[in-house]
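First up is the structure itself, then whatever we jot down about it.
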Amino acid sequence: MEVFSHNKTPLFFLVLFASLITLALGQTRVGFYQTSCPRVEAIVQSAVAAANRANPGVPPGLVRMFFHDCFVNGCDASILINGDGSERTAPPNTLLRGYEIIDAAKTQLETECPGVVSCADILAIAARDSVLLAGGIARWQVPTGRRDGLVSRAADTTNLPAFNDPVNVQIRKFAEKGLNTQDLVTLSGAHTLGTGACLVFSYRLYNFNNTNGPDPSIDPAFLTTLRNLCPNGGDSRRRVALDNGSENRFDTSYFANLRSGRGVLESDQVLWGNPTTRTLAQRFLGISGLVGLTFNVEFARSMVRMGNIEVKTGTQGEIRRVCSAFN
């Protein structure tokens, strides 16, 4: 499937943007900073681009960070708070990367328009921009107007979708946040970018479900590859591409890898084993006989939907001066 690009018919843009604005449901809106800080998107984009030039492996982590933020008490930048017992210190979040990108953008924005742009909105925009840099959809509009939360507790992360969740648990966790099964499969496709530490999947290679053997759903040739990258008892923090062969490009190869038994995370591979989620993945791949879905367009829609989870607006929360600390 081709990546959505500038040379596609303008109708796609009209349909997409109309859908995104409709999905905002008045909680956030496109152009919130049009008069108060008109260069906000350019400044965030510049910070993400600079980080990408320095290390292309870091910006994709912003999508994951945005996901982890939104699923815990809403999209309120609580993931960014640094300190004992904060969300950032919780086990599911200790391997997240890219905090320095948000800090760099915030520093510039506080110079240009102090006290105006929330860290929650910076993270939402930066997540979009990391996808653009990897060849994703030409551009989708990010509704803004979020405010930053006043609470960040590691204990609140217990219901985050996990790397070993079965499909039914993943579906339930998404439904609890107002997202459907298509959102689940679509947003899991973000794993077409970036890496994961051996720590979160090596059990599949050597002792799956206490069998002293590998997960049988792993392609045998790929199992050898993963074992070479993550030897038993080796460096658990070593990072491995989640989309084998295409970790720096936003495309549908992630779904093709699931079809071939080359999903790295258990929570990814099980999507191919479930009839409902497999059908959605097949539609992204354009499997014959199924109504196709355009991954780039659906990803943008799902990102906007997720970006409106339990947002704080108006006088709720605050606008932090520094993203890693409450005012």
Quick one: do E87 and S78 satisfy side-chain hydrogen bond (donor to acceptor under 3.5 Å, both in side chains)? Show the steps, please. CA-CA 7 Å; E87 285 178 36; S78 51; 2.5 Å; yes
Establish, from distance only, whether the side-chain atoms of D156 and N73 form a donor-acceptor pair under 3.5 Å. yes
L179 and side chain to side chain contact (heavy atoms under 4.5 Å, CB included): which single residue from I171, L187, L184 fits? L187
Answer yes or no: does atom CD of Q34 have more than 12 heavy-atom neighbours from other residues, nucleotides or ligands under 6.0 Å? no
One should read off an interatomic distance between D235 CG and L229 CG, to the nearest 0.5 angstrom, of 12.0 Å
Please answer whether the main-chain N or O of V117 pairs with a side-chain N or O of K106 as donor and acceptor at a distance below 3.5 Å. yes
Could you check whether any side-chain heavy atom of P143 comes within less than 4.5 Å of a side-chain heavy atom of V304, counting everything from C-beta outward? yes
Working note: D183 + R305, criterion salt bridge (charged side-chain N to carboxylate O under 4.0 Å, His left out); need CA distance, chi angles, decisive distance, verdict. CA-CA 8 Å; D183 293 317; R305 283 166 58 85; 2.9 Å; yes
Donor + acceptor pair across side chains of D215, Y203 (<3.5 Å): no
Nearest 0.5 Å, please: how far is OG in S267 from CD in Q170? 5.0 Å
Criterion ring pair (Phe, Tyr, Trp, His ring centres under 6.0 Å) on F250 and F299, from CA distance to verdict: CA-CA 11 Å; F250 191 85; F299 187 80; 4.9 Å; yes
Just checking R172: does its CZ atom have more than 12 heavy atoms from other residues, nucleotides or ligands closer to it than 6.0 angstrom? yes
Using 0.5 Å steps for rounding, measure from the CZ atom of F174 to the CD1 atom of I309. 8.0 Å
If hydrophobic clusters are built from ILVMFWY residues whose side chains come within less than 4.5 Å, do L265 and F71 share one? no
Closer than 3.5 angstrom, by distance alone: can the side chain of T157 be matched with the main-chain N or O of R153 as a donor-acceptor pair? no
Side-chain contact test, heavy atoms from C-beta onward, threshold under 4.5 Å: evaluate it for Y254 versus S188 and give yes or no. yes
Check whether any side-chain heavy atom of L62 sits under 4.5 Å from a side-chain heavy atom of I102, and report yes or no. yes
Keeping the roles fixed (side chain from R278, backbone from W272), state whether a donor-acceptor pair exists under 3.5 Å. yes
Is V185 linked to L160 within one hydrophobic cluster, defined over Ile, Leu, Val, Met, Phe, Trp and Tyr using a side-chain heavy-atom separation of less than 4.5 Å? yes
For S253 and D251, test the side chains for any donor-to-acceptor distance below 3.5 angstrom and give the result as yes or no. yes
Could you state whether V72 and V311 fall into the same hydrophobic cluster, counting links through intermediate Ile, Leu, Val, Met, Phe, Trp or Tyr residues with side-chain heavy atoms under 4.5 angstrom apart? no
Is E112 paired with R39 through a side-chain N to carboxylate O contact shorter than 4.0 Å? yes
Spacing of SG belonging to C230 relative to CZ belonging to R239, to within rounding of 0.5 Å: 11.0 Å
Indicate whether any N or O donor in one side chain lies under 3.5 Å from an N or O acceptor in the other, for S324 and N82. no
Taking E318 first and then K312, would you say they form a salt bridge - that is, a charged N and a carboxylate O separated by under 4.0 Å? no
Please confirm whether the backbone N or O of F295 pairs with a side-chain atom of E298, one donor and one acceptor, at under 3.5 Å? no
Has the side chain of T94 got a donor or acceptor atom that lies under 3.5 Å from a matching backbone atom of P91? yes
Is the backbone N or O of T144 less than 3.5 Å from a side-chain atom of D121, with the two atoms forming a donor-acceptor pair by type? no
Main chain of I218, side chain of R262: is a donor-acceptor contact present, judged purely on distance under 3.5 Å? no
Could you walk me through whether N209 and T211 satisfy the side-chain hydrogen bond (donor to acceptor under 3.5 Å, both in side chains) test, starting with their C-alpha distance in whole Å, then the side-chain angles of each, then the deciding distance to 0.1 Å, before giving a yes or no? CA-CA 6 Å; N209 289 343; T211 61; over 6 Å; no
Where the side chain of R146 meets the backbone of C75, is there a donor-acceptor pair that is under 3.5 Å apart? no
Nearest 0.5 Å please: distance from the CG atom of L109 over to the CD1 atom of I122. 5.0 Å
Do any N or O atoms from the side chain of D148 and from the backbone of R320 form a donor-acceptor pair under 3.5 angstrom? yes
Would you say F163 ends up clustered with F67 if hydrophobic residues are merged whenever their side chains have heavy atoms under 4.5 Å apart, either directly or through other cluster members? no
Nearest 0.5 Å, what's the CZ-OG distance between R64 and S130? 10.0 Å
Using atom types as modelled, flag every donor-acceptor pair under 3.5 Å from a side chain in residues 40-56 to any protein atom, sequence neighbours excluded.
{"unit_1": "E41", "atom_1": "OE1", "unit_2": "R128", "atom_2": "NH2", "d": "2.7"}
{"unit_1": "E41", "atom_1": "OE1", "unit_2": "R139", "atom_2": "NH2", "d": "2.8"}
{"unit_1": "N55", "atom_1": "OD1", "unit_2": "G57", "atom_2": "N", "d": "3.0"}

Within the 4.5 Å heavy-atom criterion, are S260 and D219 side-chain neighbours or not? no
Short side-chain to backbone donor-acceptor contact, Y206 and N232, under 3.5 Å: yes
What I want to check is whether the side chains of N308 and T28 have a donor and an acceptor closer together than 3.5 Å. yes
Find out whether Y33 and C113 are in side-chain contact, i.e. whether some heavy atom of one side chain is under 4.5 Å from a heavy atom of the other. no
May I ask you to say whether E176 pairs ionically with K173, meaning some side-chain N is under 4.0 Å from a carboxylate O? no
